[in-house]
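Reviewing the structure listed below.
All values reported here derive from a predicted model rather than from experimental measurement. Residue numbers begin at 1 in each chain, while the letters A, B, ... track the order of the sequences.
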Amino acid sequence: MILAEKLLFDLVQTALTELYGLTSKNITFQKTRKEFEGDFTLVTFPFTKDTKKAPELVGKELGEWLLKNNTSISNYNVVKGFLNISLNDAFWLNYFNTVKTNTALGHKLASSSGKTIMLEYSSPNTNKPLHLGHVRNNLLGYSVAQILKANGHKVIKTNIINDRGIHICKSMLAWQKFGKGETPESTGMKGDHLVGKYYVEFDKAYKKQVAELVAKGETKDEAEKNAPLMHEAQEMLRQWEAGNAEVKNLWKTMNSWVYAGFDVTYKNLGVDFDKLYYESDTYILGKEAVQQGLEKGVFYKKENGSVAIDLSQEGLDEKIVLRADGTSVYITQDLGTAIERFKEFPDLQELIYTVGNEQDYHFKVLFKILEKLGYAWAKECSHLSYGMVELPEGKMKSREGTVVDADELLQEMFDTAEATTKELGKVEGFSEEELIELYRMVSLGALKYFILKVDPKKKMMFDPKESIDFNGHTGPFIQYTHARIKSVLRKAETLGMGTGANTDSLTTITPVEKEMVISLYDFAGVLEEAGKTHSPALIANYVYELTKLYNRFYHEYSILKEENQAIRNFRLQVSKACAQMLSNCMDLLGIKVPERM
RNA sequence: GGCACCAUAGUUCAAUGGAUAGAACGGAAGUUUCCUAAACUUCAGAUCUAGGUUCGAUUCCUAGUGGAGCCA
């Protein structure tokens, strides 16, 4: 628990015992709403039953008791069943003085009490380039990893790459047939885009064949099954599984193009991984687990020879875990890889999968099966489920060309940032490299903030034309405020005003100054909550509120021109701490902040 | 057909069961001899419908409507 709440909690508990003989009541505080005076609010309605007194009276009696028994409490007021409590300036000044020089500001460092957590995210297919949906996944995964680290945990970031299967065979086949030996070098195309081009080519040719068969009188279903291209692709997959050297070589070549392309996109997005897994290595895993499950009686063999588990007791259905022909289904290898990972990392205490919410059911089943197989760690597995990104015209469909490509999006954002920056004309003296760095920072800041400020669980709307703004509730607004503070601090330094100067003579602060200090104080609670709920949105919304507050503070008060030295030093220190906090919070979102912009 | 999810200003997003539902964009009007106007200050504007639980419901429960999804 946190300092001020802890103090109040203990006090109120003692007060309740002394005044009413009550023990072990649930006591929680909330922040006092702006329109009322006070820092923390205790709701006294719940005490009505036990005290047999009106909520107003309980509030008044508790308030009096607190005022009499603790010198940090400066005032109280009661509105209906709400007891608003104010802590005095000395308390908040004291708090600020203890944290102002701490650059970690509320972050916990990796400690023995922290857990070891594996966080899987990104997990692309290798037949096409990354799009907007992947972008949300990547940003979310990276940010949650940052937040968990700041909560004192050790995080292993992993990416499992779906490098095998019918989808990549389609690209390979189309390239063989229509590619004329094209390579990323010969075309100047990014490798993932080149491979994606042939995935689309396959689909076009396939659709044409289907249409021809339908014209000859087949039903659509028959035609889709009978189209020669589909048979060829399936044959290629069989050849791959049989280890055909030619197929394997082509597969390696085309995948290597894709990886080179992904590396560029990942680098541009600013995400990274500690360990990569490839499905070509892991897809065979899990059969052993199925065998064990059969022996334990968790699974059963069906008449047709397939293996299944009945989860109807749990409100889920029967689930096939091995096909009649002995081949795996998705969940087979997911079982295998989970088991493998806990073997590979004996310290592992938690496993988080960052995957879209269309797989909610899949993960429910997966975790339930692991539990039934007797793995105690099954309850430490969780699905970081996020909503779809929707476009104004509806869902993205790669085959219909309605996807927003990640690379194109990043480039457009960069161009907009460049144009806006030039228009504002505040970047005199920047070198060419510094300018590019700034455009990158601002454009990525805008994109990342836009995506991360939304609750991960919810679907979000993305209008490429209108979504990315640089004003208002945006990343650049926060970046701008950081740059602005840094500018003041630079000026202070040239004027010989150190931020470390003494503020001891200061005993009172203004309401907005106090709000700033309390806002900084609030961070620790927000960080903890964000860690528990895996929600970068909480950090994003917190840092936005802090930024708005600072801008109000900045407009209302002079800093450098303030003549009272103690006040001036205090305001400089608040500014410095605020800049540090903005930078720290944005770092949790994977966003960099500039010194100037 | 079964399962789980979502529904808040014109639009995009907030709100551990608490007070007069917050922001941003867009709209209307203001603030630059003053530390960066990518800023600040005003104004107008919303909880899908019907029940229920509660001192109190945007939040929990039931039904309906609408949207997107998974399984078959």
Side-chain angles (χ1 to χ4, degrees), chain A residues 26 28-36 38 41-49 54-55 78-82 84 311-312 314-320 356-365 385 387-388 390 392 394-395 417 420-421 423-427 442 445-446 450-451 453-455 457-463 466-492 494-495 497 525 529 532-533 537-538 540-542 544-545 547-548 550-562 568 571-572 575 594 596-597:
Chain A
N26 284 332
T28 49
F29 296 93
Q30 46 197 294
K31 294 202 69 185
T32 301
R33 293 181 65 111
K34 280 199 192 80
E35 56 268 39
F36 300 98
T41 295
L42 178 71
V43 182
T44 58
F45 287 109
F47 304 130
T48 312
K49 258 186 199 157
V78 180
V79 182
K80 291 186 269 181
F82 300 93
N84 301 319
L311 296 170
S312 52
E314 281 76 20
L316 306 166
D317 291 328
E318 179 184 79
K319 177 74 190 172
I320 304 282
N357 65 7
E358 73 268 22
Q359 305 238 29
D360 282 356
Y361 182 79
H362 173 82
F363 281 102
K364 250 188 225 172
V365 171
S385 164
M388 297 284 97
E390 287 177 12
K395 207 192 163 191
T420 309
T421 306
E423 208 175 296
L424 290 168
K426 295 192 213 172
V427 285
V442 173
F450 182 85
I451 288 175
K453 76 175 177 184
V454 182
D455 182 342
K457 290 194 290 299
K458 295 194 176 171
K459 67 176 176 359
M460 64 179 294
M461 175 61 71
F462 187 92
D463 185 340
E466 291 176 15
S467 286
I468 300 306
D469 213 325
F470 290 6
N471 302 314
H473 189 179
T474 66
F477 168 56
I478 297 159
Q479 292 173 318
Y480 168 75
T481 303
H482 179 266
R484 200 185 212 186
I485 297 172
K486 285 299 171 123
S487 171
V488 174
L489 295 176
R490 277 193 301 272
K491 207 152 276 187
T494 57
L495 293 171
M497 304 168 188
E529 189 64 21
K532 275 186 201 153
T533 58
L538 298 180
N541 288 317
Y542 165 80
Y544 173 63
E545 293 299 327
T547 303
K548 271 206 304 185
Y550 184 83
N551 278 307
R552 191 144 59 83
F553 166 85
Y554 179 91
H555 273 268
E556 259 176 64
Y557 303 120
S558 291
I559 300 169
L560 301 177
K561 293 206 167 95
E562 171 59 47
R568 188 180 69 211
R571 287 181 187 163
L572 276 169
S575 299
R596 283 182 62 193
M597 72 182 271

Could you check whether [X] gets within reach of a base, just the sugar-phosphate, or nothing at all, counting any heavy atom under 4.0 Å?
X	answer
F477(A)	sugar-phosphate
F553(A)	nothing
F462(A)	nothing

Reading nucleotides 26-34 of chain B from 5' to 3' and marking B where a protein heavy atom lies under 4.0 Å of the base, S where only the sugar-phosphate is that close, and - otherwise, the string is --------S

Side-chain N or O of [X] less than 4.0 angstrom from OP1 or OP2 on [N]?
X	N	answer
R33(A)	G22(B)	yes
K453(A)	U12(B)	no
K80(A)	U20(B)	yes
R484(A)	A37(B)	yes
K458(A)	A7(B)	yes

Spacing of the [atom1] atoms in [M] and [N] (rounded, Å):
N	M	atom1	answer
C60(B)	C5(B)	P	10 Å
A14(B)	A7(B)	C1'	15 Å
U49(B)	U8(B)	P	11 Å
A9(B)	U58(B)	C1'	14 Å

Exercise for the section: Would you check if Y361(A) stacks with the base of A4(B), given a 5.5 Å centroid limit and a 30° plane limit, both strict? Expected result: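 Taking the rule of under 5.5 Å and under 30°, the ring of Y361(A) does not stack on A4(B).
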
Aromatic ring of F45(A) stacked on base six-ring of G18(B), 5.5 Å, 30°
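One would call F45(A) stacked on the G18(B) base.
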
State the syn/anti category of U62(B) according to its glycosidic angle, syn meaning within 90° of 0.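 What U62(B) shows is an anti base, its glycosidic angle lying more than 90° from 0.
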
The dot-bracket string of RNA chain B, counting Watson-Crick and G-U wobble pairs with both distances under 3.5 Å, using [ ] for crossing pairs and | for pairs to another strand, is (((.(((..((((....[...)))).(((((.......)))))....(((((..]....)))))))).))).

Quiz item: Between the base of A39(B) and the side chain of T481(A), is there a donor-acceptor distance below 3.5 Å?
Solution: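 Not at all, since no donor on one side and acceptor on the other fall under 3.5 Å apart.
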
*asked:* Could you check whether atom CD of E35(A) has more than 12 heavy atoms from other residues, nucleotides or ligands sitting under 6.0 Å from it?
replied: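 Result for CD/E35(A): enclosed.
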
### Message
Both Y544(A) and R490(A) contact RNA chain B. Which one's nearest nucleotide lies toward the 5' end?
### Response
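Of the two residues, Y544(A) wins.
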
